[in-house]
Every structure is written in structure tokens, then in C-alpha cells.
2 protein chains.
Amino acid sequence: MAQNICPVETGLQFLSGRWKARILWKLYNGTLRFGELRRGLSGITEKMLAQQLKELERDQLIIRTQYPEMPPRVEYSLSPFGRSLTPVLEALKQWGNDNQKQIIRLKNQNAKLETK
Amino acid sequence: MAQNICPVETGLQFLSGRWKARILWKLYNGTLRFGELRRGLSGITEKMLAQQLKELERDQLIIRTQYPEMPPRVEYSLSPFGRSLTPVLEALKQWGNDNQKQIIRLKNQNAKLETK
DNA sequence: GCCTTTACTTCCTTTTTGGTAAGTATCTGT
DNA sequence: ACAGATACTTACCAAAAAGGAAGTAAAGGC
């Protein structure tokens with residue numbers, strides 16, 4: 001994470017990458033195990049999930065709880081700091097809903113441009 | 001822009017990359033010329049600025065106006081669609097302000113971990 | 001005729017991110 | 001003794017994003 005001055009960029013750095021926002025979004029509905037997350041995030045590999053969870057934990061957005069059982073059980077949940085991102089994620093969700101049509105139109109349009 | 005189902009991820013795709021949010025943030029205060037943007041975004045190269053502006057224009061978040069003068073004058077401003085992202089950017093800014101201390105602490109901490 | 005200004009583009013290299021496939025540890029059940 | 005379950009790790013490769021340096025076009029001023 002490089003230096004930054006722009007207040008708007010700071011938050012985005014915590015959500016950067018293809019999976020972090022999606023992982024957090026899942027955890028907003030409550031605690032989940034590693035395997036539950038993997039099954040819930042279609043397309044993610046175990047490597048990416050483990051890596052992203054580790055970064056989210058390092059950034060203190062989530063809490064990892066390991067139970068001394070075998071086979072292992074590890075649960076992930078949002079920390080208060082993680083919950084503090086709620087307004088951002090809600091705003092993103094709202095925007096996505098409000099602008100669905102425009103977004104779909106754009107995607108089709110951009111897809112066409114690429115193949116030309 | 002790949003398929004996506006997560007409503008929260010959609011918005012982030014429009015802000016992805018190191019510069020887009022910062023560019024939009026600058027434009028919230030009004031129209032700016034290419035050179036003004038370049039000077040305002042410390043560290044950006046002309047190549048990156050041109051590329052990102054082109055993508056933002058393709059995504060219809062900004063409007064490019066070219067004047068038939070020489071040397072050329074090109075102005076960039078937010079479109080209504082770009083303005084619709086205001087709540088997201090405001091939420092990000094707010095979060096950055098509210099959590100300044102925590103964020104700085106985290107950055108120092110993570111920086112230390114890296115060098116170890 | 002040449003330098004300056006502005007808004008780019010092009011080519012090439014480096015860095016970062018994402019992905020695939022295989023392997024590991026440990027206990028339970030058969 | 002061996003397969004299955006769970007939560008990972010490791011080595012390697014591919015793709016995407018970012019960056020540096022140089023070049024381009026067109027008019028005006030000296």
C-alpha cells in the first residue's frame with residue numbers, strides 16, 4: 001500500500017482486487033467458514049480465497065477464529081472496523097441498483113467495441 | 001469487464017485502477033483541462049492519464065470537450081452519470097476521515113511486516 | 001526556419017494480480 | 001491401512017495493469 005493523499009483512494013485500497021468486496025459482502029450476513037465462503041463465491045480458488053482472507057485479516061477488517069477440532073474448522077466474521085465500511089458498500093449497492101439499465105447498456109456497448 | 005452478479009462489485013469496476021477515483025474526485029470541483037489534471041495528480045504520467053480518461057469517457061462518467069484551437073485545448077467534466085457516483089465517493093471520503101488514525105496505524109504496521 | 005505549447009500516441013519493460021495443479025497436516029470412520 | 005474431510009500452502013505460469021521514454025501534429029511567435 002503506497003503513500004496516498006486522496007481521501008477517496010484510501011478506502012478503495014482496502015477493497016482492491018477481484019474478491020475483497022465480494023468476501024466482505026458475504027460476511028455482512030454473518031459468520032462463515034472457509035468452505036462456506038468458497039462455495040458462496042463462485043469462481044474463486046482456494047488459493048485466492050486464503051490469500052484474500054489473510055489480507056483482510058491483516059487489515060483488521062475481519063476476524064479469524066480457529067477451533068481445535070479435526071477436521072479443522074475456521075470461521076470468519078466482520079470486525080467492527082470491517083462493519084464501518086457498511087456505508088461505502090451500501091452506497092455501491094444502491095448505485096448498482098439505481099443504474100442497472102445504464103450499466104448493462106454500457107457493458108454490451110463496451111463488449112462490442114472490444115470485438116471490433 | 002467480466003460478468004458479475006455481486007451488486008457491490010459492479011460499482012468498483014468503474015473505479016478500478018490506481019487513478020480513476022482520484023481523477024473523478026478532481027473533476028467534482030469542476031471542469032479541468034488535460035494539463036490541469038496532470039499537474040493536479042502528482043505522480044501520474046501522461047500515458048496513464050490519457051488512458052484512464054479514455055476509459056472514463058467510454059464508461060460515460062466524464063465528458064470530453066475539444067476546442068478547435070491551436071495549441072489544442074481539451075476540457076474534461078463529469079457527466080450526470082459520473083455525478084451519480086457522488087454518494088459512493090462521499091462515503092469513501094467520510095470513512096477515510098472517520099478512520100484516519102486506524103488507517104495510519106495499519107499502514108505503519110503492515111509496512112513493518114513487509115520489511116521483516 | 002526553428003522553437004514552443006498542448007494533448008496526446010507508441011513501443012517496450014516492469015510490476016502486480018490472478019489462476020492452475022498439486023501437495024500437506026491431522027483426525028475420523030471403515 | 002486407507003479414504004475422506006477441512007483448511008490451507010507451494011511452485012509455477014499467464015494475463016493485466018502500470019510506468020518510462022520518446023515521438024507526433026499543428027499553429028503561432030521570433
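Sequence lines set the chain letters: A, B, ... in the order given, protein chains first and strands last, and positions in each chain run from 1.
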- Query: Which sits closer to the 5' end of DNA chain C, B/Gln66 or A/Gly17, going by the nucleotide each is nearest to?
  - Reply: B/Gln66
- Message: Do A/Leu12 and B/Leu12 have side chains that approach each other closer than 4.5 Å (heavy atoms only, starting at C-beta)?
- Response: yes
- Item | Of all pairs that satisfy salt bridge (Lys or Arg N to Asp or Glu O under 4.0 Å), the ones with a partner from residues 74-98 of chain A, not counting sequence neighbours | A/Arg73-A/Glu75
Pairs under 3.5 angstrom only: tabulate donor-acceptor contacts from the side chains of residues 44-53 of chain A to other protein residues two or more places apart or in another chain.
unit_1: A/Thr45; atom_1: OG1; unit_2: A/Met48; atom_2: N; d: 3.2
unit_1: A/Glu46; atom_1: OE2; unit_2: A/Arg38; atom_2: NE; d: 3.3

- For B/Glu75 and C/dT6, give me the distance from atom CD to atom P, rounded to whole Å. 14 Å
- Task: Describe the nucleic acid contact of B/Arg38 in one word from base, sugar-phosphate, nothing, applying a heavy-atom distance below 4.0 Å.
- Result: nothing
- Item | Interatomic distance, A/Arg58 atom CZ to A/Arg64 atom CZ [nearest 0.5 angstrom] | 15.5 Å
- Message: Restricting to side-chain hydrogen bond (donor to acceptor under 3.5 Å, both in side chains), what partner residues turn up for B/Gln102, sequence neighbours left out?
- Response: B/Arg105
- Item | Spacing of CG belonging to A/Asp59 relative to NZ belonging to B/Lys107, to within rounding of 0.5 Å | 10.5 Å
- Look only at the side chain of A/Thr10 and the backbone of A/Cys6, and say whether a donor-acceptor pair between them is shorter than 3.5 Å. yes
- Rounded (10°) bend between the five-pair end axes of the helix from C/dG1-D/dC30 to C/dT30-D/dA1: 20°
- Task: Would you list the pairs meeting salt bridge (Lys or Arg N to Asp or Glu O under 4.0 Å) in which at least one residue belongs to residues 21-30 of chain B, sequence neighbours left out?
- Result: A/Glu9-B/Arg22
- Query: Can you tell me how far CG of B/Leu61 sits from OG of B/Ser79, rounded to the nearest 0.5 angstrom?
  - Reply: 5.5 Å
- Query: Side-chain N or O of B/Arg39 less than 4.0 angstrom from OP1 or OP2 on C/dT6?
  - Reply: no
- In one Ile/Leu/Val/Met/Phe/Trp/Tyr side-chain cluster, 4.5 Å: B/Ile63, B/Ile23: no
- Supply the atom-to-atom distance B/Leu92 CG to B/Leu85 CG, rounded to the nearest 0.5 angstrom. 10.0 Å
- Query: Taking only residues at least two apart or on different chains, which pairs with a member in residues 17-75 of chain B satisfy ring-ring contact (aromatic ring centres under 6.0 Å, His included)?
  - Reply: none
Please enumerate all protein N or O atoms sitting under 3.5 Å from an N or O of nucleotides 27-30 of chain C, with distances to 0.1 Å.
none

- Note on the structure: So, with a heavy-atom separation below 4.0 Å from DNA chain D, the residues of residues 43-54 of chain A are A/Glu46, A/Lys47, A/Ala50, A/Lys54
- Just checking B/Tyr67: base, sugar-phosphate only, or nothing, at a heavy-atom cut-off of under 4.0 Å? nothing
- Message: Applying ring-ring contact (aromatic ring centres under 6.0 Å, His included) as the test, list every pair that has at least one member in residues 72-112 of chain B; sequence neighbours left out.
- Response: A/Phe14-B/Trp95, A/Phe81-B/Trp95, A/Trp95-B/Phe81
- Query: Looking at residues 22-30 of chain A, who's got a heavy atom less than 4.0 Å off DNA chain C?
  - Reply: none
- Item | pair A/Val88-A/Leu15: side-chain heavy atoms closer than 4.5 Å | yes
- Query: In terms of hydrophobic clustering (I, L, V, M, F, W, Y; side-chain heavy atoms under 4.5 Å; direct or indirect links), are B/Leu41 and B/Leu56 co-clustered?
  - Reply: yes
- Note on the structure: Footprint ends on DNA chain D, 5' to 3', for atoms under 4.0 angstrom from a heavy atom of chain A, come out as D/dA5 to D/dA11
